[in-house]
Amino acid sequence: FETSANALLSALLMLAMHPAVQERLFEEIINLFPDKHFYVECENITNLPYLDMVVNETLRLMPSIPMIGRQVVQDTTLSSGLVIPKGIEILISIFDLHRRTDIWGANADKFNPENFMRENLQEKHSYAYIPFSKGVRDCIGKHFHHIMYILVLTYINIYLYLLHYFSDRMEICSYVN
């Protein structure tokens, strides 16, 4: 499967399942782009904090790569006292990490973009959220993916907004071959 397309599908699914989130996202985007003719530029992307929270929450619950493998490069002692010897292959379940109730709260399996409000992230370990892995082996395309994700969701939401609020003034044609 293709990770970017899968992530976009997950975001659209989450928005369809949570109309209040979708409406709040509509409002944020339309407030930033009130004209029917608009251009999305890099500086605009940073002015969409709620969209960023929706993207991060979607990737938390539905990571594009749910599990990663690594080889231990030196003997490592975990906080529990368990020693993992050099050369062992380990699997890290991003899917399970992102749903841990000790990190994300009692409703860790529920879609809640407010998990990514600044004040809610302050207490979390920097490795509590790793949709693109972390450290020296993280995804080299993560910044491209994030920008693409924001741009596509912005355009889709504006299109849906126009369909919703101006459908009585639009002529919609469908052709089938």
Side-chain angles (χ1 to χ4, degrees), residues 1-66 94-134 138-170:
F1 63 97
E2 207 282 320
T3 56
S4 297
N6 197 41
L8 285 170
L9 176 65
S10 297
L12 293 173
L13 177 64
M14 290 292 100
L15 289 171
M17 292 173 60
H18 300 89
V21 171
Q22 187 176 32
E23 186 63 33
R24 182 172 169 191
L25 188 54
F26 277 162
E27 290 172 16
E28 178 180 74
I29 291 170
I30 296 308
N31 284 335
L32 187 61
F33 304 108
D35 300 324
K36 67 179 184 175
H37 300 289
F38 64 93
Y39 297 97
V40 178
E41 297 178 7
C42 284
E43 59 266 10
N44 299 130
I45 292 172
T46 60
N47 294 324
L48 295 165
Y50 192 67
L51 177 55
D52 200 46
M53 290 172 14
V54 168
V55 166
N56 288 330
E57 181 66 355
T58 300
L59 290 172
R60 183 184 72 82
L61 286 176
M62 299 176 171
S64 297
I65 304 295
I94 296 171
F95 183 87
D96 289 324
L97 171 66
H98 288 177
R99 292 169 183 259
R100 284 182 46 179
T101 55
D102 61 321
I103 297 171
W104 298 99
N107 294 318
D109 60 338
K110 303 284 188 242
F111 183 73
N112 179 15
E114 270 125 42
N115 279 326
F116 287 90
M117 291 177 72
R118 187 177 312 259
E119 56 269 17
N120 292 338
L121 290 174
Q122 290 174 347
E123 301 292 319
K124 293 190 178 25
H125 191 281
S126 63
Y127 282 74
Y129 175 68
I130 57 168
F132 299 102
S133 184
K134 203 80 159 181
D138 69 347
C139 176
I140 61 171
K142 68 182 177 183
H143 297 295
F144 166 78
H145 181 271
H146 190 75
I147 290 170
M148 179 274 313
Y149 209 148
I150 298 282
L151 289 173
V152 171
L153 286 176
T154 298
Y155 279 103
I156 287 172
N157 275 280
I158 289 173
Y159 178 74
L160 292 173
Y161 171 83
L162 292 172
L163 280 178
H164 178 73
Y165 290 104
F166 300 109
S167 61
D168 59 332
R169 295 182 232 157
M170 296 172 71

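For the numbers below, each heavy atom of this structure counts, side chains included, while hydrogens, waters and symmetry mates do not.
Remark: side-chain polar atoms of Lys134 are paired, donor with acceptor, to backbone N or O of Ser126 under 3.5 angstrom. Asn56 places a side-chain N or O within donor-acceptor distance of the main-chain N or O of Asp52, the cut-off being under 3.5 Å. Ser64 places a side-chain N or O within 3.5 Å of a backbone atom of Thr3 that can act as its donor or acceptor partner. Of the possible donor and acceptor atoms, one in the side chain of Glu2 sits under 3.5 Å from a partner among the backbone N and O of Ala5. At distances below 3.5 Å, at least one donor-acceptor pair connects side-chain atoms of Arg60 with backbone N or O atoms of His98.
Counting heavy atoms from C-beta outward, Leu59 and Phe132 have side chains that approach closer than 4.5 Å.
Separating the CG atom in Leu51 from the CD atom in Glu28 is a distance of 6.5 Å, to the nearest 0.5 Å. Glu57 contributes atom CD, which lies 4.5 Å from atom CG of Asn115 (distance to the nearest 0.5 angstrom). The CG atom of Leu61 lies 9.5 Å from the OG atom of Ser10; values are rounded to the nearest 0.5 Å. To the nearest 0.5 Å, atom CG of residue Asn31 and atom CG of residue Asn47 are 11.5 Å apart. Atom CD1 of Ile65 is separated from atom CD1 of Ile130 by 12.0 Å, given to the nearest 0.5 angstrom. Rounded to the nearest 0.5 angstrom, Arg99 CZ and Thr101 OG1 are separated by 12.5 Å.
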Could you please spell out the steps behind the side-chain contact (heavy atoms from CB on, under 4.5 Å) verdict for Ile103 and Tyr129?
-> CA-CA 10 Å; Ile103 297 171; Tyr129 175 68; over 6 Å; no

In sequence, state the C-alpha distance, the side-chain angles, and the governing distance for Met62 and Leu13, and then conclude on side-chain contact (heavy atoms from CB on, under 4.5 Å).
-> CA-CA 11 Å; Met62 299 176 171; Leu13 177 64; 4.0 Å; yes

Determine, step by step, whether Asn112 and Asn107 satisfy the side-chain contact (heavy atoms from CB on, under 4.5 Å) criterion, reporting the C-alpha distance in whole Å, the side-chain angles of both residues, the deciding distance to 0.1 Å, and the verdict.
-> CA-CA 9 Å; Asn112 179 15; Asn107 294 318; over 6 Å; no

Stepwise side-chain contact (heavy atoms from CB on, under 4.5 Å) check, Tyr50 with Val21 | CA-CA 9 Å; Tyr50 192 67; Val21 171; 3.5 Å; yes

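Ring-plane geometry between Trp104 and Phe116 is classed as tilted, the angle between the planes lying from 30 to 60 degrees on a 0 to 90 degree scale.
Within a 6.0 Å radius of CD in Glu123, no more than 12 heavy atoms belonging to other residues, nucleotides or ligands are found. Shown here is Lys110, whose NZ atom has no more than 12 heavy atoms of other residues, nucleotides or ligands within 6.0 Å.
Under the side-chain contact (heavy atoms from CB on, under 4.5 Å) rule, Pro113 has a single partner from His18, Arg24, Met53, which is Met53.
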